Amino acid sequence: MKKTVKMLAVLLISVLCLSGCFMPKPMYEQADADQVTAAGREMMLAWLAEHMPDAELTDCAAFIVMPLNTRGEYLTDYAQGYIRTDEGNTEFMINTVSGAVYLGTDSETQKKLNEAAEAYIEELTGLVTDKTENHYFLCTTMVPARDGDSVNEIPGVEFFGSHWFGVYMLPANTDTENLDAFVRDPSSRPMLEVYGEFYLPESADSSGFDLDAIKTQLKEEHGLQIKSMLILGENKATTEGETAQ
C-alpha cells in the first residue's frame, strides 16, 4: 500500500507537470539541500555503527516536501533513504538537527500497530470498528516537521504523516514486540494519526456522544489524531467475513 500511494503521487505530479498546469518551484537553495544530505549521511552512518553495525546505508538524500495548497517544494531538516540488512531494505528518516531516527514499518509491524491502536480507541470511546471484509484502519506516526532547535518553516505543515507525505515510520527505539505499550503511552512517543470508521454499539445511546469532544480528548489526552471522521450510526462491527447490514 505504501508503494502504491507514493507511485500514485508521483504519477499525479508528473501528469500535472507535463500538462503545464503545475510546475513546483524549489523554495530552497540546492547547496542547503546538499548540506542536509551530507549531514544526514554522516549522522546515519554513526547511528548504524552504534545500533545496527551489520546494516548498510544504501541511499540518503534531503527530504523535500510539497505542502498541500502550495506550488513550492520545501527543504526539511530530514534526510531520507534506505538501509540494507539480511532481512531486506528498510526506509529511514533522520532529523539532522535533533538526531531523531525513524524507521519504516514492514507489513507485519504495521498490522500490529493498527490492531493495537484500534483496540485502544475502542476501549477509550466505547465505539467499534467495522469487522467485515470492508474493514479499514490505519495508524501511523506523525513525524514532527520541527524538532529540537529547528528553525525550519514549512507553510501549514507541523507533521509529516501518511496521508500527504507518504511517511510510514516508527521511532527507531520502538519496541515492536510490544506495540500495545507504545500506543498506550503518549508521553513516550510522537502523536499518532488514525484513519478509520467507527460505529456505536447497538445498545449505546447516540445522544451521549459528541464527535468533537471525543476527537479532542483522543488528541489531547492520548496523543491520537483522528484524521478521518468518526461515523456514528448502525453497528457494522460483525464478525469477519459476514456482510454488513
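Side chains included, hydrogens not; waters and symmetry mates left out as well; all remaining heavy atoms used. Just so you know, these numbers come straight off a predicted model, no measurement behind them.
A distance of 8.5 Å separates OH of Tyr82 from OG1 of Thr58, quoted to the nearest 0.5 Å. Interatomic distance, Met27 CE to Met66 CE, rounded to the nearest 0.5 Å: 13.0 Å. Atom OG1 of Thr125 is separated from atom CD1 of Ile214 by 6.0 Å, given to the nearest 0.5 angstrom. Atom-to-atom distance recorded for Phe92:CZ and Met52:CE is 11.0 Å, nearest 0.5 angstrom. If you take CG on Leu192 and CZ on Phe182, they are separated by 5.0 Å, rounding to the nearest 0.5 Å. Rounded to the nearest 0.5 Å, atoms CG (Leu57) and CZ (Arg41) are 5.0 Å apart.
A donor-acceptor pair shorter than 3.5 Å cannot be found between the side chains of Ser150 and Asp147.
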- Verdict with supporting geometry, Glu193 and Phe159, side chain to side chain contact (heavy atoms under 4.5 Å, CB included): CA-CA 10 Å; Glu193 64 177 358; Phe159 300 94; over 6 Å; no

- Query: Step by step, would you call Thr129 with Glu122 a side chain to side chain contact (heavy atoms under 4.5 Å, CB included)?
  - Reply: CA-CA 8 Å; Thr129 57; Glu122 289 186 339; 3.1 Å; yes

- Would you sort out whether Thr109 and Tyr168 count as a side chain to side chain contact (heavy atoms under 4.5 Å, CB included), showing the intermediate values? CA-CA 11 Å; Thr109 299; Tyr168 295 78; over 6 Å; no

- Message: One pair to check against side chain to side chain contact (heavy atoms under 4.5 Å, CB included): Tyr28 and Glu73. What are the steps and the verdict?
- Response: CA-CA 8 Å; Tyr28 60 91; Glu73 294 180 326; 4.3 Å; yes

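In terms of modelled atom types and a separation under 3.5 Å, the side chain of Asp77 and the main chain of Thr96 share no donor-acceptor contact. Under the 3.5 Å distance criterion, the side-chain polar atoms of Thr37 are matched with a main-chain donor or acceptor of Ala62.
Residues meeting the side-chain contact (heavy atoms from CB on, under 4.5 Å) test with Tyr120, sequence neighbours left out: Leu124, Val183, Arg184, His222, Leu224. Residues satisfying the salt bridge (Lys or Arg N to Asp or Glu O under 4.0 Å) criterion with Arg146, sequence neighbours excluded, are Glu153. Residues meeting the salt bridge (Lys or Arg N to Asp or Glu O under 4.0 Å) test with Glu158, sequence neighbours left out: none. Considering only residues two or more places apart in sequence or on other chains, Thr216 meets the side-chain contact (heavy atoms from CB on, under 4.5 Å) condition with Glu220.
With ring centers used as reference points, Phe160 lies under 6.0 Å from Phe63.
Counting only residues at least two apart or in different chains, ring-ring contact (aromatic ring centres under 6.0 Å, His included) contacts with residues 33-59 comprise Trp47-His51. Within the structure, salt bridge (charged side-chain N to carboxylate O under 4.0 Å, His left out) contacts touching residues 26-38 (residues at least two apart or in different chains) do not occur.
Hydrophobic cluster membership is shared by Leu113 and Val194, with clusters built from Ile, Leu, Val, Met, Phe, Trp and Tyr side chains linked at under 4.5 angstrom. Residue Leu75 is not grouped with residue Val97 when hydrophobic side chains (ILVMFWY) are merged at heavy-atom distances under 4.5 angstrom, including chains of intermediate members. Residue Met93 is not grouped with residue Met142 when hydrophobic side chains (ILVMFWY) are merged at heavy-atom distances under 4.5 angstrom, including chains of intermediate members. Under a hydrophobic-cluster definition in which Ile, Leu, Val, Met, Phe, Trp and Tyr are linked whenever side-chain heavy atoms come within less than 4.5 Å, directly or via other members, Phe165 and Ile94 are assigned to different clusters. The cluster map of Ile, Leu, Val, Met, Phe, Trp and Tyr, joined by side-chain heavy atoms under 4.5 Å apart, puts Ile64 and Val36 in the same cluster.
When all heavy atoms of Thr141 and Leu170 are compared, the closest pair comes out as OG1-CD2, 3.7 Å. Taking every heavy atom of both residues into account, Pro144 and Tyr78 meet most closely at O-OH, 2.5 Å. Heavy-atom minimum distance, Asp180 versus Ala116: OD1-CB, 3.2 Å. Scanning all heavy atoms of the two residues, the minimum distance from Ala55 to Leu48 falls at CB-CD2, 4.0 Å. Heavy-atom minimum distance, Thr140 versus Ser162: OG1-OG, 3.4 Å. Across all their heavy atoms, Gly223 and Arg189 have their closest contact at O-NH1, 3.0 Å.
Taking a 6.0 Å sphere around CD of Glu56, one finds it holds more than 12 heavy atoms contributed by other residues, nucleotides or ligands. The environment of Asp149 atom CG is sparse: at most 12 non-hydrogen atoms of other residues, nucleotides or ligands sit within 6.0 angstrom.
Residues Lys215 and Lys219 fail the side-chain proximity criterion, which asks for heavy atoms closer than 4.5 Å.
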